[in-house]
Enquirer: 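For reference, the structure I am asking about is given below.
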There are 2 protein chains.
Amino acid sequence: MATGTGTGGGRRRPTVADVAREAGVSVATAGRALGDYGRVGDDLRDRVKAAADRLGYSPNVVARSMRSGGTHSIGFVGADISNPFFATALRGVCDVAREHGYEAILTNSDDRLDVERAAVQVLLDKQVEGIVVAPTSVTDVDHLKRAQEVGVPIVLLDRSSSALDADSVVIDNEMAAHDAVTYLLNLGHRRIGMLACVDVEESPEVVARAGTGRLQARGAARPSIDRIRGYLAAMDDYLAPSSADLVRCTGLGSPAQAEREADALLALAQPPTAVFAADNVATQGVFRAARRRGLAIPGDLSMVGFDDLDWTTLVDPPLTVVAQPPLDMGRTAAEQLFARIKGEDRPGERIVLPTELIVRSSAAGHGAQKRSA
Amino acid sequence: MATGTGTGGGRRRPTVADVAREAGVSVATAGRALGDYGRVGDDLRDRVKAAADRLGYSPNVVARSMRSGGTHSIGFVGADISNPFFATALRGVCDVAREHGYEAILTNSDDRLDVERAAVQVLLDKQVEGIVVAPTSVTDVDHLKRAQEVGVPIVLLDRSSSALDADSVVIDNEMAAHDAVTYLLNLGHRRIGMLACVDVEESPEVVARAGTGRLQARGAARPSIDRIRGYLAAMDDYLAPSSADLVRCTGLGSPAQAEREADALLALAQPPTAVFAADNVATQGVFRAARRRGLAIPGDLSMVGFDDLDWTTLVDPPLTVVAQPPLDMGRTAAEQLFARIKGEDRPGERIVLPTELIVRSSAAGHGAQKRSA
DNA sequence: TTGCTTTGAGAGAACGTTCTCTCGAAGTGG
DNA sequence: CCACTTCGAGAGAACGTTCTCTCAAAGCAA
C-alpha cells in the first residue's frame, strides 16, 4: 500500500550493479560507460546508457564522495539568515557555488561561539570541501584552525582575524564609520551619539576609553567594534567630546532592544543632536525611537544609518546611510574559497570591498557649520 | 611547507582504524567503543576513547551515511533566499532541522521550473532524507513525485498541489485577499486596483475574466493567482466593476518593474481609489509609485499591502497589511517533514496557517461608506 | 608464424563506517 | 567436573562508487 507520500514504500534506487545486470555487462564496464572514464566500446556504452535510462539510474554521490573524497559541498556559517545582510551574502555564496557545481550547507550560529564551534564540527564531519564563515569571535579561532589543518579551507566573511591565516572579505568598518561621523561633524554636529548591536563586555576598553589615545591594528575585532573605533577617531579629529554615555550598545539583533537603547540615548539630559547607527538593526531602532519621541528628522535629530536596505528609501525622510555590498561580499568570499579548493596555495588575503556613504535627507546642518581638520 | 590556509597540507583525518591501532584493539572493537553499540568492556572502551581524543578523531559521516543510508540532511528549495519571506521560512526550517540533528542544503530556483528540477535531482543524488520545496509549478510535479517514489518525502511550502499527494503548509491566499479587498470595499471604495508579481501568461483566464463566474477548487495555483481570485470574488460580492486593466501583473520579483506597473495602474484615465498589493515586492512598488506621483496615502489613495515586514511600520503612514507567518510556516513544514522521515505514513495533509489583516493607517473611507452583502 | 602493441572488458580492491558472525574465555548451576 | 549461558572481542562483509590490475582478443609489422 504505497501512499506515494514518500515514507515507507520507496523502492530502492537503482545502482550501477542494477544497470550492469540490465545491460548484461559487468559492474566495471557499466561504471566506465556511465562515468565516462576508461575505455568502453561505443556500442556497449550506448547499451549501458539505454539501460540506465530505462531504470532511471542516477549516481549516488554519497558513495562517490566516499570513494573520491570530494563531496561537492561547502558550508556557510552565519549569525542569522533571516538578517537581510546574511541572506543576501548567502545568496551570493550559493550562486557562485552552483556555478562550480557545488551546493551549500547552511548553519546559523546566532552569534554564539559554542554554537559556531558545533556547527563547524558538523560541517567537517559532513566532509565539506570548504567553509565560508562570519565568525563570532576573531580571537577564538581554534576550531577554524583545525578545519584548515585537515585540509578544509576557510574564508572569513564580514570579519577578519589576525589569529588565523585565511582569506577574508570585509569592508573597512573603521573608515566607513569615520566617514559617516565626519560627515555629521562637517554639518556642524558635535554632540553625536552612536548605537551598535554588540555586547558591551566585548570591548569595555574601547567603549570606556572615550576620547584618548590612537587605535591599534585594524580588523582585529568584530565589525561593530571597528565602527566604534572609527566613530571615536572622527570625534577626536574634531576635538568633539565623546563621553561614554554617548555610545550605547545593545545585545545582538533584537530590534526591540535596539529601540530601547536608542530611546535611552535620546533621553539623555544633554541629548545628542545627531546619531550614527552602526548596523541595520540599530538604524531601525534609532528611527523608531526618534519618531516615538516626536523628534523630526533631520530637524530635531540628524542620523546616518548602516546598510542600504530597501526601506531606507521608503521612509520619510529617505535615510543617509553607509552602504556595503553584501551580495558581492558573498560572491567574493565564495570565489576565494573555490580558488583554494582548486588547490591555489598562498598566504591569506584580506579583501576590502568599498563602502559608500549615500547622502540622502536624514542629516542636516547644525549651528555654525564650522569646518576644521 | 604548510601555510596553514588549508589547501595542500592537510594531513589525513584519522579513521577508526587509526584509533584502533593507537589503542591496540581491532577495528570492530574500536567501532563499538566509539559508536556505543554492541558490547565492549569498560576498560577497553575508555582506552579507545582516550586514543580517539589523542588523535582528534571524529567520525566521517559520509561513510556512515553510505553504510546506513541516512545522511541527516534535508533539502530546501526556494525561489530566492534574499527575499525576506524565504529567508525567514528557511530560518524556521533550519531551526527545526537542527533540533532533530539534521542540516539543510540550500537551493534557489529563481522561480524557474528547469532550475527547480535540476535542484531536486541534485538533492536526491546527495541522498537527502527529505525536501521542503516552494514549488514553481503546482501542475508540473513529476520531479517531486519521483522523489517520493524513491522514498524521499516532500513537503510543499507556500503552495499546495492537487497533483501531488504531499503535505503542504500554506495560508488561505484567496481568503486573505478576499478579506483585504472586502475591507477596502467596506470603506466605500469601488474602483480598486490590484498589483501582483506573477507572469500574466500563467493565468490569462483569471486575469481576462474580470467579473464573471465563480472560482473553482482552491489551492490549485500559485499564491498570487489565488490572491487574484480572492480579489475578484470580493469585487463580485459588492458588484464592483473589476475591469482587466485594474489588475496588473509584473514579472517576478523585480522592485523596479513592480513600481513601473504600479505607476501604470495609477496613471489610468479613471484611476483606482484604492490598491491591493498582493506580495511584499508589489507593496513596495505601489508605495513608491504613489509617492512619486505625489499621491497622499490614504488621502488620495488607500492601500493594503502583503507581508508584515519591518518597514511597513517605519513608513508614513504605517501600512495596513495582510500578515502571514513565514517563520511558523518554515517550522511547520520542517516538522511535517520529520514526521515523515521518522516513518509516519498517511495521506498528504494541507495545513493552513492563519493570516491576519493588520489594520494601520494606509486605508481610509471613500465617498458614502455604504455597506452591502 | 612470431612477437609486439592496442583495445575492450572483467575481477576485485579501496574508501570508512556499521553490523553480523564466529569463537574463545569466563561465569554459573546441577 | 561438566554442560550451558553470557560476555567480550576479532574477522570480515556490506553500502555504491571509482579505479587499478589483469587478461583475452584483435590488429599489425617483420
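Note on naming: letters A, B, ... go to the chains in the order of the sequence lines (proteins, then strands), and numbering restarts at 1 for each one. Atom set for the values below is all heavy atoms of this structure, side chains included, hydrogens, waters and symmetry mates excluded.
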Enquirer: Looking at the side chain of B/Thr15, which of C/dG16, D/dT17, D/dA11 is the nearest nucleotide?
Expert: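 Between C/dG16, D/dT17, D/dA11, the one nearest the side chain of B/Thr15 would be C/dG16.
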Enquirer: Please assess A/Arg64 against B/Asp125 for the test salt bridge (Lys or Arg N to Asp or Glu O under 4.0 Å), listing each intermediate value before the final yes or no.
Expert: CA-CA 10 Å; A/Arg64 175 183 295 168; B/Asp125 291 347; over 6 Å; no
Enquirer: So which one's nearest nucleotide on DNA chain D is more toward 5', A/Val61 or B/Ser26?
Expert: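 So the residue in question is B/Ser26.
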Enquirer: I want to verify a distance call: between C/dT17, C/dC19, C/dA14, whose nearest atom is closest to the A/Arg67 side chain?
Expert: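 Given the options C/dT17, C/dC19, C/dA14, the side chain of A/Arg67 is closest to C/dA14.
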Enquirer: By nearest heavy atom, map A/Leu44 and B/Tyr57 onto DNA chain C; which one lands nearer the 5' end?
Expert: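 Nearer the 5' end of the strand: A/Leu44.
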Enquirer: I need the CG-C1' distance between B/Asp125 and D/dG16, as an integer number of Å.
Expert: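 From B/Asp125 CG to D/dG16 C1': 13 Å.
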Enquirer: For residues A/Leu157 and A/Ala333, report the shortest heavy-atom separation together with the two atoms involved.
Expert: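 Minimum heavy-atom separation between A/Leu157 and A/Ala333: CD1-CB, 4.0 Å.
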Enquirer: Check the orientation of B/Phe338 and B/His100. Use parallel for under 30°, tilted for 30 to 60°, and perpendicular for over 60°.
Expert: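 Correct class here is parallel.
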Enquirer: Quickly work out the A/Leu34 CG to D/dC19 C1' distance and round it to whole Å.
Expert: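 Whole-Å distance recorded here is 15 Å.
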Enquirer: In whole angstrom, what separates A/Arg32's CZ from C/dA11's C1'?
Expert: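 My rounded result for the distance is 10 Å.
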Enquirer: Does the plane of the ring in B/Phe86 sit parallel, tilted or perpendicular to the ring in B/Phe76? Use 30° and 60° as the thresholds.
Expert: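 Ring orientation of B/Phe86 relative to B/Phe76: perpendicular.
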Enquirer: For A/Ser109 and A/Asp111, which I'm curious about, is there any donor-acceptor pair between the side chains at under 3.5 Å?
Expert: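 There is no such pair (donor and acceptor under 3.5 Å, judged by atom type) between the side chains of A/Ser109 and A/Asp111.
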Enquirer: In whole angstrom, what separates A/Asp36's CG from C/dG8's P?
Expert: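 Atom CG in A/Asp36 sits about 14 Å away from atom P in C/dG8.
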Enquirer: Rounded to the nearest Å, what distance is computed from the OH atom of residue A/Tyr37 to the P atom of nucleotide C/dG10?
Expert: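 Whole-Å distance recorded here is 13 Å.
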Enquirer: Which one, C/dG8, D/dT18, C/dG16, comes nearest to the side chain of A/Arg39?
Expert: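 Of C/dG8, D/dT18, C/dG16, C/dG8 is nearest to the side chain of A/Arg39.
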Enquirer: When the nearest nucleotide of DNA chain D is assigned to B/Ala63 and to B/Thr29 on a heavy-atom basis, which residue is associated with the more 5' position?
Expert: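 The 5'-side residue here is B/Thr29.
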Enquirer: So what does A/Val40 hit on the nucleic acid, given a heavy-atom distance under 4.0 Å: a base, only sugar-phosphate, or nothing?
Expert: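 The residue A/Val40 makes sugar-phosphate contact but no base contact.
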Enquirer: In whole Å, I'd like the distance from the CD atom of A/Gln127 to the P atom of D/dT17.
Expert: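 In whole Å, D/dT17 P and A/Gln127 CD are 19 Å from each other.
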Enquirer: For the pair made of CG in B/Asp18 and P in C/dG16, what is the distance, rounded to whole Å?
Expert: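 It is 8 Å, rounded to the nearest whole Å.
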Enquirer: What is the separation between atom CZ on A/Arg64 and atom P on D/dT18, rounded to the nearest whole Å?
Expert: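 Rounded to whole Å, this separation is 5 Å.
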Enquirer: Which nucleotide wins on minimum distance to the side chain of A/Val27, given the candidates C/dT17, D/dT17, D/dG8?
Expert: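 Comparing C/dT17, D/dT17, D/dG8 against the side chain of A/Val27, the answer is D/dT17.
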Enquirer: By nearest atom, which of the nucleotides D/dA9, C/dG16, D/dA11 is closest to the B/Val16 side chain?
Expert: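 That would be C/dG16.
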